Every structure is written in structure tokens, then in C-alpha cells.
Amino acid sequence: TAVGCRQGFSMIELLVVLAVVMLLTGLLMPGLQSARHSAYTVVCGANQRQIGIGFLLYGEDHNGLLPESLLQDRDEFAEMMAVTTGDVGHGQIPGYEGLGKLWEYRYIDSPKCLHCPAHRHTHTFESNRLAYESLTGSVMHRFYANYHYTGHATHASCLAGTVPRERRNMNRHDRFVLLTDGLRTLEDFNHGTGMNVLYADGHYEYKADRGD
């Protein structure tokens with residue numbers, strides 16, 4: 001070879017290097033995805049803890065009662081991820097709903113805790129900004145959090161159609177469920193392998209999906 005002449009990589013060598021890089025990337029990706037999923041699950045649980053504190057503070061100011069849900073009174077249980085009622089007609093003025101009342105009365109520091117970092121569909125914090133910037137929640141469109149509220153009324157009174165319905169009381173220290181990850185539609189399932197659940201005593205648990 002002539003002095004000063006530099007040889008480059010051959011096409012075969014480049015293909016081998018690319019193949020090795022792709023193989024290593026393929027081996028590393030599942031681990032990175034698993035780590036990211038675990039981190040999202042922890043942040044989601046921390047969000048629920050903040051919401052739980054909001055429930056406890058609300059209860060202290062309201063004789064142990066939980067924020068009222070107009071949608072529960074209307075038997076719209078699948079809609080109880082909503083933070084605003086939207087236009088429900090019948091002369092009802094739109095306002096904050098269920099979970100949204102924790103933000104309306106500032107029992108939570110930021111509405112961001114109502115949104116799971118694993119959510120990748122339409123109910124993000126950014127998409128709800130209009131609702132949260134409203135002082136009264138009087139927006140005509142219904143907005144949703146990423147968590148499902150179980151409501152202010154007992155399930156027995158809901159099933160019986162009792163009017164007015166019997167209120168649940170946190171002062172009883174029952175270990176009932178206050179909140180779960182979203183259940184409204186498939187796009188609201190934030191964690192593909194299970195969900196976080198918040199209990200009335202303030203702790204949360206991750207419930208793994210043992211099936212498919």
C-alpha cells in the first residue's frame with residue numbers, strides 16, 4: 001500500500017457492525033421498556049397517594065364525606081373518570097365533577113396528579129388544560145382524568161335506587177376502594193399488566209393482571 005493511503009471499512013464489515021448493533025438494541029429494548037413501565041407504575045401510585053391525601057383533607061372539612069358525583073347520581077358509573085360534567089342538559093350548569101372537586105377546592109396542589117404518565121391517548125393533562133384553567137369547571141365539553149372514582153354514595157343505595165342515596169363516610173375507616181386506574185374504555189387502561197388501586201386508609205396497591 002502507498003504511504004499515507006487509508007483504507008475504509010468494507011461493505012461486509014459495515015453490515016456486520018449494523019447487525020451487531022441491531023442485535024444488541026433488540027436485547028436491550030425489553031429491559032428498557034420494563035424499567036420505564038415500572039417507573040410509570042411508581043409515579044402513578046404516587047399520584048394516587050396525593051389524591052388520597054386530597055380525599056382525607058376534603059373529608060376533614062366535610063364530616064368524613066366524599067366529593068359528590070353527579071354522574072353517580074345519574075347512574076353513569078362508567079363516566080366517573082370525569083373531572084367536569086360537561087353539558088348534561090335539563091338546566092344543569094356544567095361544573096366540576098367528583099375528582100374535579102378536589103382541584104376546584106384546592107385539596108390537591110396540582111391537577112397533574114390526576115393523570116398517569118403511562119397514558120398515551122386522548123385524556124392527557126395537556127388536553128384537559130382548558131378545564132383546569134376554568135375557575136368553575138363550567139366548560140361545555142366533558143373532560144376526563146386517568147383515574148376512576150368510586151363515588152360518594154354506597155353501592156347498596158345505588159343498586160337499590162335509593163334517593164337521596166346513602167353517603168359513604170371516611171370516618172368509619174372502612175378499607176373500601178376510593179379510586180382505581182381508568183376503566184372507561186380500553187384506551188384508559190394505562191398499565192397493560194395490572195392497575196393501581198387506592199384505598200380509604202390512604203395506601204395504594206398495584207394489582208397485577210394474572211391472565212392476559
Side-chain angles (χ1 to χ4, degrees), residues 40-74 76-77 79-86 93-119 123-126 128-139 142-155 157-158 164-184 188 190 195-207:
Y40 284 163
T41 302
V42 170
V43 174
C44 175
N47 284 348
Q48 291 199 11
R49 282 293 301 272
Q50 291 183 60
I51 296 169
I53 292 171
F55 277 130
L56 291 170
L57 294 173
Y58 185 97
E60 285 182 4
D61 291 341
H62 296 83
N63 297 318
L65 300 179
L66 291 162
E68 288 192 65
S69 167
L70 172 67
L71 299 178
Q72 185 180 34
D73 282 338
R74 292 164 58 94
E76 296 184 43
F77 305 112
E79 291 290 294
M80 290 169 63
M81 287 175 57
V83 292
T84 60
T85 62
I93 299 174
Y96 281 111
E97 152 69 19
L99 285 177
K101 292 182 181 295
L102 296 180
W103 169 242
E104 180 182 15
Y105 300 118
R106 300 304 190 264
Y107 287 104
I108 52 176
D109 293 332
S110 168
K112 284 187 177 181
C113 71
L114 299 176
H115 295 271
C116 174
H119 186 78
H123 307 316
T124 62
F125 171 72
E126 288 73 21
N128 284 27
R129 191 175 295 276
L130 175 63
Y132 295 131
E133 289 176 352
S134 166
L135 296 178
T136 62
S138 56
V139 287
R142 186 173 293 176
F143 289 88
Y144 298 91
N146 297 147
Y147 302 113
H148 218 115
Y149 181 35
T150 57
H152 67 282
T154 64
H155 297 296
S157 65
C158 290
R165 288 174 172 164
E166 181 185 354
R167 297 289 296 270
R168 294 200 294 173
N169 194 312
M170 292 184 68
N171 290 339
R172 297 173 183 171
H173 300 292
D174 295 333
R175 195 174 177 274
F176 55 73
V177 173
L178 289 177
L179 195 77
T180 70
D181 282 348
L183 298 169
R184 179 172 169 265
D188 293 309
N190 298 318
M195 68 168 58
N196 280 316
V197 177
L198 175 69
Y199 292 89
D201 60 6
H203 88 284
Y204 75 92
E205 294 178 9
Y206 184 75
K207 301 290 188 181

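Predicted, not measured: the structure shown is a model, and the values here were computed from it.
Note: H123 and Y144 have tilted aromatic rings, judged against thresholds of 30 and 60 degrees for the angle between ring planes. The aromatic rings of Y58 and H62 lie parallel to each other, with less than 30° between the two planes, well short of the 60° mark.
Judged purely by distance below 3.5 Å, without hydrogens or angles, the side chains of H119 and N190 pair a donor atom with an acceptor atom.
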Pair Y206-T41, side-chain contact (heavy atoms from CB on, under 4.5 Å): steps then yes or no: CA-CA 8 Å; Y206 184 75; T41 302; 3.4 Å; yes

K207 vs T180, side-chain contact (heavy atoms from CB on, under 4.5 Å): CA-CA, chis, key distance, verdict: CA-CA 10 Å; K207 301 290 188 181; T180 70; over 6 Å; no

Worked check of side-chain contact (heavy atoms from CB on, under 4.5 Å) between M170 and L56: CA-CA 8 Å; M170 292 184 68; L56 291 170; 3.4 Å; yes

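In this structure, the side chain of Q72 engages the main chain of H152 through a donor-acceptor pair within 3.5 Å. Although no hydrogens or angles enter the test, the distance criterion places a donor-acceptor pair under 3.5 Å between the side chain of T84 and the main chain of F143. Between the R49 side chain and the G202 main chain, a donor and an acceptor come within less than 3.5 Å of each other. Side-chain atoms of N169 come within 3.5 Å of backbone atoms of N171 as a donor-acceptor pair (strictly under, hydrogens ignored). S157 places no side-chain N or O within donor-acceptor distance of the main-chain N or O of R165, the cut-off being under 3.5 Å. Between the side chain of E79 and the main chain of L71, no donor-acceptor pair closer than 3.5 Å is present. Judged by distance alone, the side chain of Q50 and the main-chain N or O of C113 form no donor-acceptor pair under 3.5 Å. Between the side chain of N196 and the backbone N or O of D181, no donor-acceptor pair lies under 3.5 Å. In this structure a side-chain-to-backbone donor-acceptor pair under 3.5 Å is present from T150 to V177.
When all heavy atoms of F77 and H148 are compared, the pair lying nearest together is O-NE2, 3.0 Å. Closest of all the heavy-atom pairs between A145 and L114 is CB-O, 3.3 Å. Between S134 and G137 the shortest heavy-atom distance is OG-N, 2.9 Å. In this structure, Y96 and T85 approach most closely via the heavy-atom pair O-CG2, 4.4 Å. Closest approach of R168 and G151 over heavy atoms only: NH2-O, 2.7 Å. The minimum heavy-atom distance between W103 and S110, with the atom names listed, is CZ3-CA, 4.0 Å.
Listed by first and then second residue, the salt bridge (charged side-chain N to carboxylate O under 4.0 Å, His left out) pairs that reach into residues 54-74 are E68-R167, R74-E76, sequence neighbours excluded.
F176 has its ring centre no less than 6.0 Å from the ring centre of H155.
Between L198 and Y147, every side-chain heavy-atom pair lies at or beyond the 4.5 Å cut-off. With a 4.5 Å cut-off on side-chain heavy atoms, L102 and P67 count as touching.
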